[in-house]
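Report on the structure given below.
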Amino acid sequence: KEIRLGSDIVEYRIKKYIEIGLIKRFSAVLNVSLLGENVYKIYIKHRLSDKEKIKLVNYVDNHSHVYRLMEGGGCWDLQLSFLAKNPQEFSAAAAKVLNQFSGKILEQSVSVTVRSYNFSKKYLSLGDLKKLPSKLSGSQGVKAKNSKYKSSKQSRKINTNNLENKVLELAEIDFKLIGAMMHNARTPLTKLVENIELTSAGIDYRLKRLESLEIILGYQTQIDVTVIGYMFAKIFIEAKFMGDEEFKRLYEFCSVDRNV
């Protein structure tokens, strides 16, 4: 309804975007603080060889606390993102990873994510989509707002640090369902029924409950922006002081800038 196309055309174009690598995956957006987890990030400057980097990737891929590894340039070479219940748990988990490559870590910095703001993908304008293969571009391109968020707000605040110690108790089957939604939010209901061993009505009820509790905040499309000629960049801002007024000005700027 939002882009005024038939469901068959939308499905066809989504499949094509996946084929050319523009869409990498569909996943749920979680409020991890309600699961008792906090987000910690380590930024690393290193001198790892290619072989050692592969070893690091394989190691963290099986690490229970690491959920993301990003490689880049500029101030830092790597970003490791952890989920942990408290600083002690994070410190122990991080030490296990860093000790594997202690002689090759030149510099590191740790940050704690208290909250984040997700904005709509304003860079996905018609002009950018024309950079795709000709048979996929044109007037029927995807609109800027292409997530499944129910909210009409321009951004959504996500608390990623459990400051209030509010933790919701979930059944094991809820965690299985969350895992399935994180892996692929477009998994057919028939496959969910088969893998989770729950009826379709039961799955629908539990998904709606997770959404109403705001554990699942919405669903997003993960995009490889290099396909449309962009690069991903992260800016680090260190401020001596940022009050409510200063933060409001920064937020308002970011909310309207098409590249943020």
Roughly how far, to the nearest 0.5 Å, is the [atom2] atom of [Y] from the [atom1] atom of [X]?
X: Arg115; Y: Ser33; atom1: CZ; atom2: OG; result: 10.0 Å
X: Leu106; Y: Arg47; atom1: CG; atom2: CZ; result: 6.0 Å
X: Lys176; Y: Arg206; atom1: NZ; atom2: CZ; result: 11.0 Å
X: Lys45; Y: Cys75; atom1: NZ; atom2: SG; result: 7.5 Å
X: Ile196; Y: Leu189; atom1: CD1; atom2: CG; result: 9.5 Å

Could you tell me if the side chain of [Y] sits less than 4.5 Å from the side chain of [X], heavy atoms only?
X: Leu22; Y: Ile223; result: yes
X: Asp174; Y: Arg209; result: yes
X: Ile203; Y: Leu207; result: yes
X: Leu198; Y: Ile173; result: yes
X: Ile18; Y: Phe26; result: yes
X: Ile42; Y: Val110; result: yes
X: Tyr117; Y: Cys254; result: no

Quiz: residues 96-103 side-chain donor-acceptor pairs under 3.5 angstrom, not counting sequence neighbours:
| residue | atom | partner | partner atom | Å |
| --- | --- | --- | --- | --- |
| Asn99 | ND2 | Ala95 | O | 3.0 |

Would Lys248 and Asp244 pass as an ion pair if we require N to O under 4.0 Å?
-> no
Under-4.0 Å salt bridge between Glu19 and Lys16 |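 Answer for the salt bridge query: yes.
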Taking the side chain from Asn38 and the backbone from Lys85, do they hold a donor-acceptor pair closer than 3.5 Å?
->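 Yes, the answer is positive, given that a donor and an acceptor are paired below the 3.5 Å cut-off.
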Donor-acceptor contact present, side-chain Ser255 to main-chain Glu252, <3.5 Å |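 Confirmed, Ser255 side chain pairs with Glu252 backbone.
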Would [X] end up clustered with [Y] when hydrophobic side chains under 4.5 Å apart are linked, directly or stepwise?
X: Leu168; Y: Tyr205; result: no
X: Met70; Y: Leu48; result: no
X: Val112; Y: Tyr43; result: no

What are the two closest heavy atoms between [X] and [Y], and how far apart are they?
X: Ala28; Y: Ala185; result: N-CB, 4.2 Å
X: Leu192; Y: Ala180; result: CD2-CB, 3.7 Å
X: Lys24; Y: Gly21; result: CD-O, 3.4 Å
X: Asn259; Y: Asp257; result: N-OD1, 2.9 Å
X: Ser27; Y: Met182; result: CB-O, 3.3 Å

Could you list the donor-acceptor pairs under 3.5 angstrom formed between side-chain atoms of residues 60-68 and any protein atom two or more places apart in sequence or on another chain?
| residue | atom | partner | partner atom | Å |
| --- | --- | --- | --- | --- |
| Asn62 | ND2 | Asn58 | O | 3.2 |
| His63 | ND1 | His65 | N | 3.1 |
| His65 | ND1 | Leu83 | O | 2.8 |

Verify side chain to side chain contact (heavy atoms under 4.5 Å, CB included) between Phe175 and Leu35, making sure each step is shown before the conclusion.
-> CA-CA 10 Å; Phe175 284 105; Leu35 302 178; 4.2 Å; yes
Working for side chain to side chain contact (heavy atoms under 4.5 Å, CB included), residues Tyr219 and Arg186 | CA-CA 10 Å; Tyr219 303 88; Arg186 285 170 57 88; over 6 Å; no
Starting from the C-alpha separation in whole Å, work towards a yes-or-no answer on side chain to side chain contact (heavy atoms under 4.5 Å, CB included) for His46 and Leu56.
-> CA-CA 12 Å; His46 67 76; Leu56 174 62; over 6 Å; no
Show the numbers, then the answer: is there a side chain to side chain contact (heavy atoms under 4.5 Å, CB included) between Leu170 and Leu210?
-> CA-CA 9 Å; Leu170 298 179; Leu210 290 169; 4.1 Å; yes
Mind checking whether Phe119 and Tyr251 have parallel, tilted or perpendicular rings, split at 30° and 60°?
->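 Answer is tilted, since the angle falls between 30° and 60°.
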Geometric class of the Phe90/Tyr40 ring pair [parallel <30°, tilted 30-60°, perpendicular >60°] |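 Because their plane-to-plane angle is under 30°, the rings of Tyr40 and Phe90 count as parallel.
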